[in-house]
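This report refers to the structure that appears directly beneath it.
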2 protein chains.
Amino acid sequence: MTSCAEGGAVGDCRGERPLRRDAERNRQRILRAAAEVFTQRGLDATLDDVARQAGVGVGTVYRRFPDKETLVGELFQDRIDAMVAVAEQACAAPDPWQALVSYLEYATASMAGDLGLRQLMMFATYGRDRVAYAREQMRPVVSKLVERAQATGALRADFSATDVPLIAFMLASAGEYAGPVQPDIWQRYLGLVIDGMRASRDGVSELPVPALSPEEIEESMRAHGQRSSARR
Amino acid sequence: MTSCAEGGAVGDCRGERPLRRDAERNRQRILRAAAEVFTQRGLDATLDDVARQAGVGVGTVYRRFPDKETLVGELFQDRIDAMVAVAEQACAAPDPWQALVSYLEYATASMAGDLGLRQLMMFATYGRDRVAYAREQMRPVVSKLVERAQATGALRADFSATDVPLIAFMLASAGEYAGPVQPDIWQRYLGLVIDGMRASRDGVSELPVPALSPEEIEESMRAHGQRSSARR
DNA sequence: CCTGAGCGGAGGCGGCATCTCCGCTTCGTG
DNA sequence: CACGAAGCGGAGATGCCGCCTCCGCTCAGG
């Protein structure tokens with residue numbers, strides 16, 4: 001299918017044929033649109049949705065990306081990489097407790113703000129090995145983060161490195177529910193969890209975000225009902 | 001459609017016509033099967049699935065329950081009621097802190113063990129007003145639970161009654177992820193959160209469940225991948 | 001100006017969930 | 001026991017939806 005491998009023609013052909021300028025522009029539009037759509041509506045979103053959002057025809061999308069999986073992969077690769085990179089940076093921070101907390105916050109924020117990423121990381125419908133590899137890289141780094149924090153005595157001893165991804169996912173899920181109404185509510189529960197992670201404490205640290213009001217809860221429920229019928 | 005309202009026949013007819021014995025038996029089977037299926041696989045499960053599980057034909061299901069919504073409603077009504085009832089019972093407990101914790105545990109356990117209930121309560125695709133009504137009833141009771149626990153000084157002052165349902169949902173979501181591998185993992189994070197809810201503490205309370213091993217996390221991911229492709 | 005890369009979007013295809021229909025079975029009553 | 005009605009099963013009608021293809025037209029750019 002490659003345009004040049006056919007007849008054993010001239011020279012090396014593996015360089016990307018440079019793509020006409022308008023085509024390249026469309027490619028970028030598609031990428032941007034896909035990011036937006038998958039982030040907000042999750043991986044269930046249609047490539048037709050992406051096309052509409054990008055303002056191009058479906059055909060254009062499929063010409064550029066052979067299928068959904070490829071597009072999703074290309075899109076989230078760097079976001080996953082970032083996850084690993086931030087963990088490594090955190091390792092270099094001076095205060096081990098703060099380092100762990102920051103990382104947890106970063107991980108949660110990423111997943112809370114991005115339904116697609118959350119689905120990708122936790123339910124592996126698409127980039128299984130990609131994600132598995134990232135997780136593999138992450139593991140020792142997070143372990144180190146946890147051990148160090150425990151060594152200073154700030155982190156409770158029964159906390160485990162594997163708790164980190166699960167907590168991030170869990171908090172992000174809370175955010176999912178309240179998403180349309182108060183997207184940052186996860187910060188409140190992260191605060192709570194962090195206080196629970198301390199080896200000991202006197203008093204409490206202030207929760208960064210106010211609780212939802214009963215009306216807001218009600219509204220969340222309504223919004224979710226609408227969304228799931230509108231989306232499907 | 002009622003069999004008796006047709007011709008202005010004898011006496012009162014609103015009593016349920018008693019249903020032949022085998023039919024009643026099947027009805028029960030269906031109800032039991034539906035409970036099992038919706039609990040384990042969520043509200044997306046098909047009525048065909050329910051029929052298969054019950055060992056009856058689809059037709060039988062549809063003859064007894066006009067549509068999915070009716071069946072789901074009938075099924076979850078008492079589970080929702082139980083949620084309210086337990087809250088009220090908790091109010092009567094002697095130790096306010098323990099009462100709140102017990103209720104939180106009960107609510108989380110219910111949702112963690114029942115995907116259908118979780119979807120029903122949080123995403124309201126089906127019994128919107130039923131759930132809304134239950135929530136309405138629950139609200140003052142939970143408020144009381146929270147206020148009392150705060151009055152004793154055990155519960156941090158910035159905790160709010162609306163945090164209760166969100167926390168339950170959040171913890172249950174963690175359980176959802178680890179479901180097939182370690183269904184009780186939510187208890188671990190409930191422990192963590194509870195320690196975070198205390199106004200102050202010295203040291204930590206033991207977490208009731210060990211963390212997942214890296215292998216178990218891996219396995220969860222794999223299981224989820226399979227499940228979502230097998231189910232759809 | 002002219003050529004082919006690129007475009008759009010209708011529509012083919014396959015899959016899936018809901019619900020119906022009708023010939024056969026079973027209950028239970030006279 | 002016999003027979004009418006209640007009940008049953010499950011193939012399949014129906015409608016919907018997501019993925020992807022195809023072909024006639026457009027327009028970038030040498």
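Letters go in sequence order (proteins before strands), and every chain restarts at 1.
Base-pairing analysis of DNA chain D finds the following stems of at least three consecutive Watson-Crick or G-U pairs, with both pairing distances under 3.5 Å: C:1-30 with D:1-30.
Phosphate proximity of D/dC19 to A/Lys68: present, with a side-chain N or O under 4.0 Å from OP1 or OP2. OP1 or OP2 of C/dC7 has at least one side-chain nitrogen or oxygen of A/Asn26 nearer than 4.0 Å.
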Show every donor-acceptor pair shorter than 3.5 Å between a side-chain atom in residues 132-142 of chain A and any protein atom, with sequence neighbours excluded, or say none if there are none.
residue  : atom : partner  : partner atom : Å
A/Arg135 : NH2  : A/Met121 : O            : 3.0
A/Glu136 : OE2  : A/Arg139 : NH2          : 3.3

Tell me which donor-acceptor pairs under 3.5 Å the side chains of residues 74-90 of chain B have, and how far apart each pair is, sequence neighbours excluded?
residue : atom : partner  : partner atom : Å
B/Glu74 : OE2  : B/Arg27  : NH2          : 3.1
B/Gln77 : OE1  : B/Arg130 : NH1          : 2.8
B/Gln77 : NE2  : B/Asp81  : OD1          : 3.1
B/Arg79 : NH1  : B/Thr39  : OG1          : 3.3
B/Arg79 : NH1  : B/Asp114 : OD2          : 2.8

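Listed by first then second residue, pairs satisfying side chain to side chain donor-acceptor pair (under 3.5 Å) with a partner in residues 176-188 of chain A read A/Arg118-A/Glu176, A/Arg188-B/Asp163, not counting sequence neighbours. Listed by first then second residue, pairs satisfying salt bridge (Lys or Arg N to Asp or Glu O under 4.0 Å) with a partner in residues 210-220 of chain A number zero, not counting sequence neighbours.
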Next on the checklist: Using a 4.0 Å heavy-atom cut-off to protein, can you give one letter per nucleotide of nucleotides 21-30 of chain D, 5' to 3': B if the base is in contact, S if only the sugar-phosphate is, - if neither?
Outcome noted: B------SS-

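For B/Arg25, the salt bridge (Lys or Arg N to Asp or Glu O under 4.0 Å) test picks out no residue, with sequence neighbours left out. A/Thr60 pairs by the side chain to side chain donor-acceptor pair (under 3.5 Å) definition with nothing, not counting sequence neighbours. When the side chain to side chain donor-acceptor pair (under 3.5 Å) test is applied to A/Asp48, no partner is found at least two apart in sequence or on another chain.
Rounded to whole angstrom, the span from the CG atom of A/Asp67 across to the P atom of D/dC20 amounts to 5 Å.
In this structure, the nucleotide among D/dG7, D/dC19, C/dT18 sitting nearest to the side chain of B/Thr46 is C/dT18.
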